[in-house]
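Labels below follow one simple rule: chain letters A, B, ... track the order of the sequence lines, proteins then strands, and each chain is numbered from 1.
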Protein chains: 2
Amino acid sequence: MTETDSRLALSKSQRAYRWIKERIASQQFTPGYRLVLGTIAAELQMSVVPVREAIRQLEAEGLVTFERNVGAHVSMVDERRYSASMQALSLVEAAAVALAAPELSAADLRRAREINQHMRDGLDHPRGFDPHAFTVLNQEFHATLYRACPNPRLVELVDAEWARLGNMRDSIFAFVPDRARESVTEHDAIVDLIERGAPVTEIEQQMRRHRAGTLQAFLSTTHPDQTVTLPEL
Amino acid sequence: MTETDSRLALSKSQRAYRWIKERIASQQFTPGYRLVLGTIAAELQMSVVPVREAIRQLEAEGLVTFERNVGAHVSMVDERRYSASMQALSLVEAAAVALAAPELSAADLRRAREINQHMRDGLDHPRGFDPHAFTVLNQEFHATLYRACPNPRLVELVDAEWARLGNMRDSIFAFVPDRARESVTEHDAIVDLIERGAPVTEIEQQMRRHRAGTLQAFLSTTHPDQTVTLPEL
DNA sequence: CGGATCGTCATCGTATACGATTTCGGATAC
DNA sequence: GTATCCGAAATCGTATACGATGACGATCCG
């Protein structure tokens with residue numbers, strides 16, 4: 001028998017897990033979308049048992065909410081949770097990028113600049129600004145920087161936190177397009193810092209400020225009247 | 001019927017989840033311990049299905065490792081993963097405590113000092129130093145500080161990370177009892193900082209240094225020969 | 001006409017069943 | 001004595017089945 005057969009074969013529960021996660025990430029399943037076990041099982045041509053397992057895992061990650069005897073739905077992200085999660089992401093990612101900085105190759109930095117250039121191009125696209133495309137590029141840019149972090153656990157944490165936020169991430173740039181422009185500028189500044197070998201703490205600070213700006217922009221749309229004071233970390 | 005009946009009734013999968021997690025936390029299930037579905041199901045008087053779900057959740061949290069067609073076991077924590085996780089904890093907890101500092105009441109601080117005093121007492125206990133008891137108190141001390149953090153997500157992250165590390169946490173103080181003494185001193189310094197209303201960034205730095213000291217001590221036992229250089233965040 | 005009650009349907013939660021896979025020990029060959 | 005192969009036992013993975021629970025609408029009463 002071939003080695004690859006059973007080793008690489010994904011269990012059904014894992015297939016279900018990936019399938020659902022994929023849908024959530026790609027916004028086909030938006031927050032509040034109800035995940036009916038039987039329906040998903042039928043769609044994937046399996047029984048409900050593996051689907052339940054998959055949903056439990058997603059629940060543990062915070063992407064899905066399970067209500068006893070009622071069912072599961074894609075987690076709603078209210079503003080409070082969102083900004084809390086965003087702040088957590090900010091802190092962890094800042095550290096990850098700072099630690100990654102010395103590891104980044106010239107190619108990595110080139111790629112980061114390239115992505116950022118695409119983002120800049122998108123700002124004045126003849127067909128209008130596309131927040132979704134911008135957001136995807138934004139994630140790629142950030143991923144390019146933090147993925148090189150030598151601490152794999154930090155990378156996991158950043159990935160997980162980003163997945164949680166994925167649900168609402170488009171909305172920021174859709175509602176506050178000006179923030180997109182600022183973002184691109186700050187991205188360049190960050191790459192500059194890394195390229196010139198700035199101290200890690202400085203890079204960390206810069207990353208935190210960058211994220212804080214985005215969060216601030218988000219909060220100003222949800223609470224336009226009150227001035228929200230961000231914790232100063 | 002009473003309201004509380006079905007609302008508060010835990011599903012079997014949740015019971016299994018808590019039961020297993022409890023055992024892992026209390027070291028009854030040590031790293032490598034094999035979790036056999038049928039056995040656990042019999043013990044809890046339920047079928048294997050809920051147990052599987054529970055284990056999947058624990059897997060998503062990193063406490064348990066599942067191997068296809070082989071079974072589940074409590075995650076082994078090799079030094080690399082351990083120090084990575086420890087560093088992640090250090091960064092997140094430092095931020096959490098810094099943010100919690102302004103929220104801490106006089107009673108909280110009193111309690112923290114109290115716990116720390118117990119730890120100090122344990123150092124010169126007539127019956128000898130008990131690393132396990134010390135570790136429990138250590139966790140309580142830290143929890144007292146970071147639990148007040150206004151960002152619930154950060155608290156979750158710290159809790160989760162601490163659970164992951166739980167498996168090996170005793171060993172540090174068991175192998176390096178001198179570190180325990182240092183720890184107690186540093187704890188007081190941290191409470192001092194908070195009490196006197198030091199800037200959050202300073203508190204964050206202090207927390208990071210505190211954790212780094214413990215990690216350093218741990219690494220010096222596992223790699224006594226080489227000098228491990230810690231990332232300077 | 002509004003609200004409470006009851007029955008039905010959709011869906012969940014878990015037990016049981018069984019095929020699939022791995023593990024492990026013993027038998028056999030060298 | 002060691003290596004290899006085979007078969008049984010242990011365990012996993014998933015389908016199916018069915019009781020339990022909650023959602024929702026129809027009906028009945030005030």
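Spacing between atom CD1 of Ile40(B) and atom C1' of dT11(D) amounts to 13 Å, rounded to whole angstrom units.
Using a 30° and 60° split on the angle between ring planes, His187(B) and Phe141(B) fall in the parallel class, below 30°. Ring orientation note: the planes of Trp162(B) and His142(B) are nearly perpendicular, at an angle over 60° on the 30°/60° scale.
Within 6.0 Å of CD on Gln28(A) lie more than 12 heavy atoms contributed by other residues, nucleotides or ligands.
Remark: of the listed residues Glu61(B), Gln57(B), Arg56(B), Glu61(B) is the sole one forming a side-chain hydrogen bond (donor to acceptor under 3.5 Å, both in side chains) with Tyr17(B).
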Please produce a list of atom pairs where a protein N or O lies less than 3.5 Å from an N or O of nucleotides 13-15 of chain D.
unit_1: dG13(D); atom_1: OP1; unit_2: Asn69(B); atom_2: N; d: 3.2
unit_1: dG13(D); atom_1: OP2; unit_2: Arg52(B); atom_2: NH1; d: 2.2
unit_1: dG13(D); atom_1: OP2; unit_2: Arg52(B); atom_2: NH2; d: 3.4
unit_1: dT14(D); atom_1: OP1; unit_2: Lys12(A); atom_2: N; d: 2.5
unit_1: dA15(D); atom_1: OP1; unit_2: Lys12(A); atom_2: NZ; d: 2.9
unit_1: dA15(D); atom_1: OP1; unit_2: Ser47(A); atom_2: N; d: 3.4
unit_1: dA15(D); atom_1: OP2; unit_2: Ser47(A); atom_2: N; d: 2.5
unit_1: dA15(D); atom_1: OP2; unit_2: Ser47(A); atom_2: OG; d: 2.4

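Legend: residues meeting salt bridge (Lys or Arg N to Asp or Glu O under 4.0 Å) with Arg34(A), ordered by chain and number and at least two apart, are absent.
If you check every strand for non-hydrogen atoms under 4.0 Å, Ile55(A) touches nothing.
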